[in-house]
Amino acid sequence: MMTQKSGSSSNVLQGKTLLQNPFEFSDEQILDNVYRTHFHCVEKCDVKSLHTVASTVINHSIQITDTVIQQASQLSERFREETITSRQLTAKLKRIACQMVCTSRGEHYAHHTTMLILEQLKAYSWDAKALIVQAAFALEYGKFLYHPLTRQHEEYEKSLADLNGLLVIQQNIQHLSFFNSVVKKVMQVIECITEWKRLTSAGYDIKDVPTLADTLHEIPVVVYWAIFTFVTCTGQIDDFTTDHKVNKYELSKNFENKLDLILRTFREHLEMCSTEIGRIEDYSRRKNIIIINGKDIVKVLRALIISTENGHSRHNVINGLTLEQVKIEEFKKKHVLLFISGLEHIDEEIQLLKSVYEKLKEKPREVEGYRTEDFKILWIPIVDEWNEDRRKTLETKLQRTKFGWYVVKHFNFEIGIKLIKEVFNYSGKPVIPLMNPDGKVENFDTKQIISMYGFDGFPFRTSDHTRLTQQWNWFWSEMTKLNPRIGDLIEEDRYLFIYGGSDTMWIQEFTTAIEKLKRDVGTLSLQIDITVDSYQLGREDPKIVPRFWIGIDSLLASRKQQILKGGNEGVQDFATTEIKRLLFLKQDPKGWVILSKGYNVKLLGHGQAMSRTVKDLSFWHVKLHEEVSFDVAFKEYYESIKDKTSPRKCEHSEISNYPSDILAHIPCPNIECGRSMEVTSVNYRCCHGLDP
């Protein structure tokens, strides 16, 4: 019945190695031998059903064995037999069971049979190999302890059978106890193998679950020792059913030691795999909340920044002014500006947010349903490691700057950092996304709109950036027509002074002053770099000056015409208002100046006051050290001196190409003509100082 002959057909299993003691092998040697028997998984079997049936048989057998041991020691309780019903096993499974029964006693022979079985099961997966052999062992173990009783059995026969069984087992009680312990351990190994199969079948990438790579290296060795143990234990079963003591083989203590080592190492790796997979699933769940199913800013912030350790939520959100911890519910029904950054090179962003925070705390303002009192700022500083130096850096910034917003202190939640990098495209450079009360992102980075437009960009949506950019398109379109170099300057997002006028003395004075300001700003040792440039309209070609103003006049006339055609007389949009302001500046006898930052026009100023402000840098540059932006500090000083330096005399404004159909038609004074005169221009003069 023993298939020792099959060994001769396998070239892989020849040589003295087959008769060596596997306890003398290293794991690498076993891995090498076992892998030679493994092909790609071609054969399929219902490993789940096989494992269920075999485990049921073996586990029940273990329980009964424990009971029998107890009965034999007490000799007072009656052995209770149980019956099971198992599925029909395949011929291959029966053949393997036969091989194991007929294996000679000793580790050398058990190793030989183990390699033969592995050769026969080479086309099966690693878990299937172990579970098929487990099922074969269950056949023999079940026969040992389960004696099906039929209705024809007499009570006397059953009692006698019980008594004989107890007497035989009593003689082998110590050996049987150790045998049962080994079977329990190998069953634990089988459970580990099935758990490994479940984890590897879940479809996770080894890059995401790196410990899986270790288990893939270990599994051949684990399967080998499981099969080797089953082979050895099967040979022991016959010894328990006979009372002779000749040539009996007792299991080596090496079995328990080896199985304990396998279980300890393999379980540790499986637990690490489960932990890594748990992180992946937690990440997916949190990401789903943030992107799809948030519906609440508090729920989204919980998913983003609150870690769960040992079932307890942990976070450290503090108020930047009081430095006291606050609850995450503080952000309920609020719009949140998330400031995500490191600790270094963020002075510009802090300056921007500080100016925004101060504006938010001023007089309440509402734009399209967005109220300033509903906005909060939350800073999430991210570093590789919160060492002592970085903790001190954060403490210094908190104490020195006195943030009016909230801070996630010492944020080191690994999953949260990964989410921030993926959802908000954070790569180390500061970003300031805006989230609404529903937890949806309305602008993935408000930094640009705040940098360009300051609080004028409120409520800082992506649509607001588009709207504000388009508000001055008319101006930049005219400027770039005259000089394409202007486009390069505004694309670089630098401060740009555009100026002009008819007073050559003032032009020369302002040019000198602005050049000095450029040099002086570079020597102020500010925390952020300020780049200032200038452009004099008509310096290269004086002919472009009238072309520019004719273009602006035409724009106003065109917009007036559009307003009238639309039936919205008396309603003026932003562009129309600013065109009128620019045309008014043109009348300044000294000159005019426009200050912009990138595409955002920050200030339209009168020549004398603007020149004075540029010259008086030493009076207002202290504001720059107080983390106030250049344009804000400049504008504040300009407004403070404007009325003292700007002429109060009102000027007339001449507008060419005005739409003739909105004016009364006047006939030609020449009596011989009498036809309606063409309207070429309109003059407006303010009656300032006169009675109505």
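A quick note: this is a predicted structure, and the numbers were derived from the prediction, not measured. Sequence positions, counted from 1, serve as the residue numbers for this chain.
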Chi angles and distances behind the side-chain contact (heavy atoms from CB on, under 4.5 Å) call for Glu639, Lys642: CA-CA 5 Å; Glu639 295 291 346; Lys642 178 179 63 174; 3.3 Å; yes
Ring-face cation contact, Tyr495 with Lys597, 6.0 Å cut, 45° max: yes
Least distance between heavy atoms, Glu478 atom then Ile552 atom: CG-CD1, 4.0 Å
Salt bridge present between Lys334 and Glu329 (N-O < 4.0 angstrom): no
Results of side-chain hydrogen bond (donor to acceptor under 3.5 Å, both in side chains) for Glu515 - residues two or more places apart only: Lys518
CD1 on Ile420 to CZ on Phe413, rounded to 0.5 Å: 10.0 Å
Side-chain heavy-atom pair Ile289, Arg302 within 4.5 angstrom cut-off: no
N/O donor-acceptor pair under 3.5 Å between Asp464 side chain and Arg461 backbone: yes
Any residue meeting side-chain hydrogen bond (donor to acceptor under 3.5 Å, both in side chains) with Lys287, in chain and number order, not counting sequence neighbours: Glu422
Minimum heavy-atom distance Asn316-Gln325, with the two atoms named: OD1-OE1, 3.7 Å
Phe510 and Trp506 aromatic ring geometry - parallel, tilted or perpendicular at 30°/60° bounds: parallel
Short N-O contact, Lys635 and Asp631, less than 4.0 angstrom: no
Heavy-atom side-chain proximity of Tyr599 to Trp472 below 4.5 angstrom: no
NZ or CZ of Lys418 within 45° of Tyr283 ring axis and under 6.0 Å: yes
Criterion ring-ring contact (aromatic ring centres under 6.0 Å, His included) on Phe458 and Phe375, from CA distance to verdict: CA-CA 10 Å; Phe458 181 83; Phe375 276 69; 4.9 Å; yes
Verdict with supporting geometry, Lys516 and Leu617, side-chain contact (heavy atoms from CB on, under 4.5 Å): CA-CA 10 Å; Lys516 184 176 185 300; Leu617 173 65; over 6 Å; no
Taking every non-hydrogen atom, the tightest pair across Met435 and Val441: CE-CG2, 4.1 Å
Note, Trp549 side chain near Leu583 side chain (heavy atom, < 4.5 Å): yes
Arg371 side-chain N/O to Pro364 backbone N/O, donor-acceptor pair under 3.5 Å: no
Heavy-atom side-chain contact between His621 and Tyr637 under 4.5 Å: no
Straight-line distance of Ile328 CD1 to Leu301 CG, nearest 0.5 Å: 5.0 Å
Residue pairs passing the salt bridge (charged side-chain N to carboxylate O under 4.0 Å, His left out) test where at least one lies in residues 381-390, sequence neighbours excluded: none
Ion pair Glu395/Lys392, N-O distance below 4.0 Å: no
Minimum heavy-atom distance between Trp386 and Pro381, given as atom pair plus value: CZ2-O, 3.7 Å
side-chain contact (heavy atoms from CB on, under 4.5 Å) partner of Val317, chosen from Ile305, Ile380, Ile306: Ile305
Polar side-chain atom of Thr372 near backbone of Arg365 as donor-acceptor pair, under 3.5 Å: yes
Gap separating the CG atom of Leu517 from the OG1 atom of Thr613, nearest 0.5 angstrom: 10.5 Å
Ile432 backbone acceptor or donor facing Thr446 side chain under 3.5 Å: yes
Interatomic distance, Leu338 atom CG to Phe444 atom CZ [nearest 0.5 angstrom]: 11.5 Å
Under 3.5 Å: donor-acceptor pair, side chain of Trp592, backbone of Leu582: no
4.5 Å side-chain heavy-atom contact, Lys397 and Trp379: yes
Arg581/Glu578 ion pair, N-O < 4.0 Å: yes
side-chain hydrogen bond (donor to acceptor under 3.5 Å, both in side chains) partners for Lys376, two or more places apart: Tyr406
Step-by-step side-chain contact (heavy atoms from CB on, under 4.5 Å) determination, Asp374 to Lys333: CA-CA 8 Å; Asp374 291 335; Lys333 296 182 179 180; over 6 Å; no
Nearest-0.5 Å distance, NZ of residue Lys359 to CD1 of residue Ile450: 13.5 Å
Test of ring centre spacing under 6.0 Å for Tyr357 and Phe339: no
Give every donor-acceptor pair under 3.5 Å between a side-chain atom in residues 535-548 and any protein atom, sequence neighbours left out.
unit_1	atom_1	unit_2	atom_2	d
Tyr535	OH	Asn483	ND2	3.4
Asp541	OD1	Lys543	N	3.1

Whether Lys586 side chain and Gly501 backbone form a donor-acceptor pair below 3.5 Å: no
Pairwise distance CD1(Ile318) to NZ(Lys409) - rounded to 0.5 angstrom: 5.0 Å
Donor-acceptor pair, side chain of Asn443 and main chain of Leu434, under 3.5 angstrom: no
Salt bridge (charged side-chain N to carboxylate O under 4.0 Å, His left out) partners for Lys429, two or more places apart: none
Under 3.5 Å side-chain donor-acceptor pair for Glu509 and Ser611: yes
Thr480 side-chain N/O to Trp476 backbone N/O, donor-acceptor pair under 3.5 Å: yes
Minimum side-chain heavy-atom gap Phe424-Leu419 below 4.5 Å: no
Enclosure of Gln508 CD (heavy-atom neighbours >12, cutoff 6.0 Å): no
Side chain to side chain, Thr511 and Tyr499, heavy atoms closer than 4.5 Å: yes
Side chain proximity check, Gln471 to Leu468, heavy atoms < 4.5 angstrom: yes
Side chain Tyr638, main chain His606, donor-acceptor under 3.5 Å: yes
Verdict with reasoning, Tyr370 to Glu442, per side-chain contact (heavy atoms from CB on, under 4.5 Å): CA-CA 12 Å; Tyr370 290 79; Glu442 294 200 352; 3.1 Å; yes
Donor-acceptor contact present, side-chain Ser355 to main-chain Leu352, <3.5 Å: yes
